[in-house]
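These notes concern the structure reproduced below.
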Amino acid sequence: MTAVKLLALDTATEACSAALLVDGAVLERYELAPRRHAALILPMIEAVLAEAGLRATQLDAVAFGRGPGAFTGVRVAVGIAQGIAFAADLPVVPVSTLAALALGAARETGHTRIAAALDARMGEIYWGTYAVAGETVDALGEECVRAPPAASAPPGDWFGVGSGWSVYSAILCQRLAVGGGWLDERYPRAGDVARLAADPRRRGEWVIA
């Protein structure tokens, strides 16, 4: 893990979280709180900064879950990340919420091939497949929104994660081999957004606020 100081937030799903990564260690606040993201996220950010004894101007970057996810939630994260970064003259790091979800599932279960699906409503899912090694995540296909019967993955065994599995597990199990099962009540966390943003290979994805 590169020695960086990163603030991260994610409000793209029903979960709301903020995290601070300091030299590889993560401080995090997380709450499953649909429709309360705007009220919760700033106090969460203040709490992790206070716990670490840091100011925003002492950070290296601000990372955020860029979606896919709920439009309003993604907009909250983008606006707050951009505001903090402008004020502190920091770059921002957009991170896939599906990749963050995959990283969390791999850490929790030990599986390394993760099929992430978030319920996108209207009979569709946000879909992505990933290979996870330690705290690095590589997409094994394009992230997309599609009807569950059209979900696809490279050959091999997979572990599923996300709210899409809660609704469409029967269909998804017909589309790919899921030998290890799945976790349906899981959401992306800001700590994993921070871990992905700190990957040295992603430094080219750090952008001006």
Side-chain angles (χ1 to χ4, degrees), residues 1-2 8 10-15 17 19 21 24 26 28 30 32 63-70 73-74 93-205:
M1 178 69 68
T2 303
D10 190 278
T11 58
T13 66
E14 289 87 339
S17 59
L21 185 148
V26 173
E28 187 178 54
Y30 173 92
L32 190 59
F64 65 95
R66 57 135 172 96
V74 172
V93 193
V95 173
S96 162
T97 51
L98 290 173
L101 182 62
L103 179 58
R107 188 176 60 256
E108 181 176 349
T109 68
H111 290 279
T112 60
R113 287 165 58 86
I114 308 294
L118 292 171
D119 185 6
R121 316 299 182 188
M122 303 296 288
E124 293 183 314
I125 54 173
Y126 300 119
W127 177 255
T129 52
Y130 307 89
V132 183
E135 294 188 342
T136 65
V137 176
D138 291 305
L140 298 180
E142 186 179 0
E143 295 181 348
C144 58
V145 57
R146 60 181 43 172
S152 62
D157 198 29
W158 293 90
F159 186 86
V161 66
S163 57
W165 287 90
S166 176
V167 183
Y168 300 109
S169 59
I171 297 173
L172 294 175
C173 285
Q174 295 174 359
R175 300 294 301 162
L176 64 160
V178 191
W182 60 87
L183 294 171
D184 50 13
E185 294 302 322
R186 295 296 186 279
Y187 298 93
R189 302 180 70 111
D192 291 317
V193 171
R195 291 179 179 98
L196 291 177
D199 184 344
R201 301 178 307 163
R202 294 177 178 266
R203 191 56 67 99
E205 300 171 17

Which heavy-atom pair separates [X] from [Y] by the least distance, and what is that distance?
X: W165; Y: S169; answer: O-CB, 3.0 Å
X: S17; Y: Y30; answer: CB-CD1, 3.8 Å
X: P188; Y: A15; answer: O-CB, 4.3 Å
X: A106; Y: H111; answer: CB-O, 3.2 Å
X: A100; Y: D192; answer: O-CB, 3.6 Å
X: G65; Y: V193; answer: N-CG1, 4.1 Å

Roughly how far, to the nearest 0.5 Å, is [atom2] of [Y] from [atom1] of [X]?
X: I125; Y: L172; atom1: CD1; atom2: CG; answer: 5.0 Å
X: D119; Y: E124; atom1: CG; atom2: CD; answer: 10.0 Å
X: I114; Y: L101; atom1: CD1; atom2: CG; answer: 9.0 Å
X: Y126; Y: L98; atom1: OH; atom2: CG; answer: 9.5 Å
X: S166; Y: L118; atom1: OG; atom2: CG; answer: 11.5 Å
X: W158; Y: Y130; atom1: CH2; atom2: OH; answer: 10.0 Å

When you compare the side chain of [Y] with that of [X], does any pair of heavy atoms fall below 4.5 Å?
X: V93; Y: R202; value: no
X: T97; Y: P68; value: yes
X: L183; Y: F159; value: yes

- Item | R186/D184 ion pair, N-O < 4.0 Å | no
- Item | R66 bridged to E143 by N-O distance under 4.0 Å | yes
- Message: side-chain contact (heavy atoms from CB on, under 4.5 Å) for R189 and V26? Distances and angles first, verdict last.
- Response: CA-CA 11 Å; R189 302 180 70 111; V26 173; over 6 Å; no
Side chain of [X], backbone of [Y]: donor and acceptor closer than 3.5 Å?
X: R113; Y: D157; result: yes
X: W127; Y: P148; result: no
X: R175; Y: A151; result: yes
X: T112; Y: A131; result: no
X: T129; Y: A115; result: no
X: E135; Y: R195; result: no

